[in-house]
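For reference, the structure is listed below as structure tokens.
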Number of protein chains: 2
Amino acid sequence: MVAPDAQRSAPPRAFRPSGKVLPEHARGHNRSLVLQTLYRGGLASRADLARETGLTRVTISDLVAELMNDDLVIETGQRGESRPGKPAILLDINRTGFQIVGVDLSETGVFRGAVLDLDGTVVTRLEVETGGASGAEVTRIATRLTLELVAAADRPLLGVGIGSPGVVGIDGTVLSAPNLGWEGEPLQATIAQATGLGVVVANDANAAALAERSFGDAQGDLMLIRVGRGVGAGLIVGGTLLHGSRFAAGEIGHVVVGTDGGALCACGKHGCLETWLAVPHLRDGLAQAASASERDAVLHRAGERLGIALAPVVGALNLDEVVISGPVELLDGPLLGAAIETFRTRTMPEFHGALAVRMSALGQDIVMRGAAAMVLAGRLGVS
Amino acid sequence: MVAPDAQRSAPPRAFRPSGKVLPEHARGHNRSLVLQTLYRGGLASRADLARETGLTRVTISDLVAELMNDDLVIETGQRGESRPGKPAILLDINRTGFQIVGVDLSETGVFRGAVLDLDGTVVTRLEVETGGASGAEVTRIATRLTLELVAAADRPLLGVGIGSPGVVGIDGTVLSAPNLGWEGEPLQATIAQATGLGVVVANDANAAALAERSFGDAQGDLMLIRVGRGVGAGLIVGGTLLHGSRFAAGEIGHVVVGTDGGALCACGKHGCLETWLAVPHLRDGLAQAASASERDAVLHRAGERLGIALAPVVGALNLDEVVISGPVELLDGPLLGAAIETFRTRTMPEFHGALAVRMSALGQDIVMRGAAAMVLAGRLGVS
DNA sequence: TTAGTTCGTACGCTTTACTAACAAACATGG
DNA sequence: CCATGTTTGTTAGTAAAGCGTACGAACTAA
């Protein structure tokens with residue numbers, strides 16, 4: 001179903017470039033502040049918002065009027081409680097008034113996508129097989145999937161978010177994604193051209209980390225480890241995603257772990273993290289295992305290597321959480337336990353006492369929900 | 001010599017708390033932008049500043065008038081070149097008009113301090129032996145040293161910066177510094193009380209990292225490794241210092257390195273980074289070595305361990321630079337070479353190709369110059 | 001019925017940066 | 001030597017943004 005106004009232009013971007021700051025930038029910031037407060041806290045009156053943000057009621061009224069004019073905020077009636085004084089008119093973000101398209105290109109052989117509402121809830125889901133496609137053919141498949149999702153939306157779209165494997169530049173160019181046969185692929189520009197919408201592209205592990213922050217249980221600084229055909233990570237430090245100087249932050253799959261050799265990796269080195277932890281290697285190891293205890297040993301070894309590799313990172317960044325995303329049947333159990341145990345024995349008690357290591361609860365939707373979170377952050381300043 | 005106005009109140013802080021943004025905050029940001037442009041670029045006219053910042057000449061004139069009123073910016077005469085048009089009046093930061101006190105408490109047995117100008121150049125230097133003092137006695141010694149430096153300044157002071165060992169909270173409380181016998185020591189408050197000036201306290205490795213960014217050759221994201229009685233690190237990512245969720249970012253001395261045991265550490269674990277790299281251990285190893293080649297082997301092993309520990313961090317953060325600070329005669333040579341070689345063999349060519357690993361050129365003054373940089377950043381928004 | 005409280009809005013003010021316009025001070029070319 | 005063009009810095013007026021004060025509306029409590 002295509003709504004007539006599904007491609008209506010969305011409100012202006014809430015992003016402040018570095019450099020000079022004009023009054024209008026401050027306005028944008030305060031706009032986002034109001035949206036953020038409503039997004040996190042739910043229903044609130046104008047007076048509530050004034051108290052929470054520190055702005056005056058007058059300014060809040062003005063900002064809310066602007067946001068209601070953009071259809072981003074709606075009045076939901078009077079507050080029920082019986083209190084002295086004039087009853088408050090409750091406000092909320094128009095959570096079902098806009099939608100977002102989120103796409104996940106990281107799975108082997110299949111691209112997933114969804115139409116989501118502003119809460120990150122999946123409204124419509126689509127999948128396409130990619131077969132053995134690569135290069136320009138992959139771009140065509142991804143574009144077609146995105147267009148179908150755009151057509152499936154029945155509300156104005158806030159934008160399109162895409163999580164891609166490989167190294168992704170800040171401008172949404174996929175600098176390198178060997179699995180898809182991409183090298184310097186201008187994905188953001190291509191999809192923006194095809195859809196006429198705002199498009200954000202990021203690495204899949206980074207998108208997953210954002211999902212964990214926005215829709216998961218994450219509290220503070222966190223590292224999300226994504227285990228699939230390869231191993232990647234996304235880092236959120238001080239509330240924002242870490243990109244790295246060449247946009248390659250989180251690329252830990254080909255760091256050598258331990259000082260005792262290891263299997264030969266596709267990259268030519270011995271003992272890369274991927275040779276222990278990537279799903280194909282885990283499945284191979286389990287297939288060759290004769291007994292249940294041997295299978296446990298394979299998983300235990302993998303978890304141990306993960307702990308060895310990450311202990312210096314956790315120590316150096318003083319992280320709160322390490323969250324693992326991937327096939328639950330492989331990761332949640334001996335592997336996770338061994339990783340936690342290894343952290344405990346290799347870092348300072350002061351740190352691993354505060355450190356939480358756990359599986360993500362977001363499952364297979366994590367990347368496309370993270371992609372939606374990128375759109376929310378980019379266009380509304382909400383996270 | 002004490003100038004009569006040495007403790008004259010310094011200009012207002014250039015810090016914007018998170019939350020709402022008022023027009024005056026934007027003003028402060030633009031003030032800092034002008035100062036930063038002058039600080040980095042040197043002499044410039046009002047028209048030059050307008051072109052570089054994107055603000056109009058009118059606004060720049062207004063900001064400059066304000067900064068000249070605060071004595072932070074001075075006119076240095078007309079431009080020499082012969083060009084058409086009205087000759088430009090060149091401006092500069094009043095680099096010798098204010099001074100900063102920087103203190104380094106990280107050395108064993110001696111506290112160093114200095115009076116510095118706004119360029120981070122040392123004007124006056126002072127040292128005190130600490131003997132075997134600890135706890136409150138150490139606080140008294142540090143306070144006395146700071147007061148002597150304040151008295152030695154002959155210009156109004158912008159503030160006091162202190163680099164302390166241990167874990168330092170955002171409010172300048174030293175949460176834990178075993179070597180000094182401090183536990184929850186409110187150093188910032190104590191020194192601020194004693195001097196009546198603005199005081200900033202940070203971990204010594206963090207201060208050193210800031211020094212490397214402000215006064216060294218650092219370009220982008222960097223990790224500074226400080227090797228002394230222990231081993232610590234400071235991380236600068238995206239231009240700002242990384243604190244960690246419990247202010248313990250960079251505490252990598254007690255992360256276990258390798259999978260082949262190692263010497264017993266004071267912390268109870270085996271094979272901590274410090275057991276290979278800390279200066280006392282290096283000197284012990286060298287003393288026990290019989291030949292030059294054995295001494296090289298000791299240093300080589302230490303560098304190798306450093307590389308093993310940091311490879312995952314460099315990979316995860318996609319750093320540009322790793323800078324090492326400490327005794328040059330121990331670190332610069334086989335140790336540094338082995339560290340570089342180890343990085344090369346344990347990370348992806350895409351990353352270590354861009355990675356620079358080198359010694360700091362700032363020598364023994366690095367911590368107190370970093371402390372001065374903290375004051376510059378905190379009070380003027382300049383870095 | 002009266003007093004007190006809370007909510008949302010109208011009005012006028014201050015701050016900030018902008019545009020337009022202008023005088024000052026230089027180089028260049030006829 | 002003088003007219004012309006260029007660049008600099010300043011003056012005057014305008015638009016945007018948030019604040020404080022004040023007020024009516026709508027409710028509770030006595």
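Reckoned from all heavy atoms, side chains included, excluding hydrogens, waters and symmetry mates. Each chain gets a letter, A, B and so on, in the order its sequence line appears, and its residues count up from 1.
- Scanning for side-chain contact (heavy atoms from CB on, under 4.5 Å) contacts around B/Thr76 gives B/Leu43, B/Ile74, B/Leu90, B/Asp92, with sequence neighbours left out.
- Atom-to-atom, CG of B/Leu63 to P of C/dT15 comes out at 15 Å; the value is rounded to the nearest Å.
- With values rounded to the nearest 0.5 angstrom, A/Gln36 atom CD is found 10.0 Å from A/His29 atom NE2.
- Between the CD1 atom of A/Ile89 and the CZ atom of A/Arg46 there is a distance of 5.5 Å, given to the nearest 0.5 Å.
- Closest-nucleotide positions on DNA chain C for B/Glu24 and A/Asp62 were compared, and the one nearer the 5' end corresponds to A/Asp62.
- Residue pairs meeting the salt bridge (Lys or Arg N to Asp or Glu O under 4.0 Å) criterion with at least one partner in residues 187-196 of chain A, sequence neighbours excluded, do not occur; the list is empty.
- On the nucleic acid side, DNA chain D contacts chain B at distances under 4.0 Å to non-hydrogen atoms, with the end points of that region at D/dG5 to D/dC19.
- Of the side-chain N and O atoms in B/Thr56, none sit less than 4.0 angstrom from OP1 or OP2 of C/dA17.
- Within residues 37-49 of chain A, the residues approaching DNA chain C are A/Ser45, A/Arg46, A/Ala47, by heavy-atom distance under 4.0 Å.
- C/dA17 atom P lies 11 Å from atom NE2 of B/His29, rounded to whole Å.
- Within the nucleic acid shown, A/Arg79 has no heavy atom closer than 4.0 Å to any nucleic acid atom.
- Taking each heavy atom of A/Leu376 and A/Phe215 in turn, the nearest pair found is CD1-CZ, 4.3 Å.
- If you check every strand for non-hydrogen atoms under 4.0 Å, A/Ile89 touches sugar and phosphate atoms only.
- A/Arg213 places no side-chain N or O within 3.5 Å of a backbone atom of A/Gln219 that could act as its donor or acceptor partner.
- Side-chain atoms of B/Asp117 and B/Thr96 include no donor-acceptor pair closer than 3.5 Å.
- Using a 4.5 Å cut-off on side-chain heavy atoms (C-beta onward), B/Thr53 and B/Thr37 make contact.
- Taking atom CZ of B/Arg27 as the reference point, atom C1' of C/dT14 lies 13 Å away to the nearest angstrom.
- Under the 3.5 Å distance criterion, with hydrogens and angles disregarded, a donor-acceptor pair is assigned to the side chains of B/Asp171 and B/Thr173.
- Among the atoms of the strands shown, only primed sugar atoms or phosphate atoms (P, OP1, OP2) are found under 4.0 Å from some heavy atom of A/Asn30.
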ask   = Can you give one letter per nucleotide of nucleotides 20-30 of chain C, going 5' to 3': B for a protein heavy atom under 4.0 Å from the base, S for sugar-phosphate only, - for none?
value = B---BBBS---

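- Every residue two or more places apart in sequence or in another chain that forms a side-chain contact (heavy atoms from CB on, under 4.5 Å) with B/Asp62 is listed here: B/Arg27.
- Nucleotides of DNA chain C nearest to A/Pro23 and A/Glu75 differ in position, and the one nearer the 5' end is that of A/Glu75.
- If B/Ala88 and A/Ile60 are placed on DNA chain D by their nearest nucleotide, the residue sitting closer to the 5' end is B/Ala88.
- With rounding to the nearest 0.5 angstrom, the CG atom of B/Asn206 is 8.5 Å from the CD1 atom of B/Ile236.
- Here the P atom of nucleotide C/dA17 and the CG atom of B/Leu22 are 13 Å apart, to the nearest Å.
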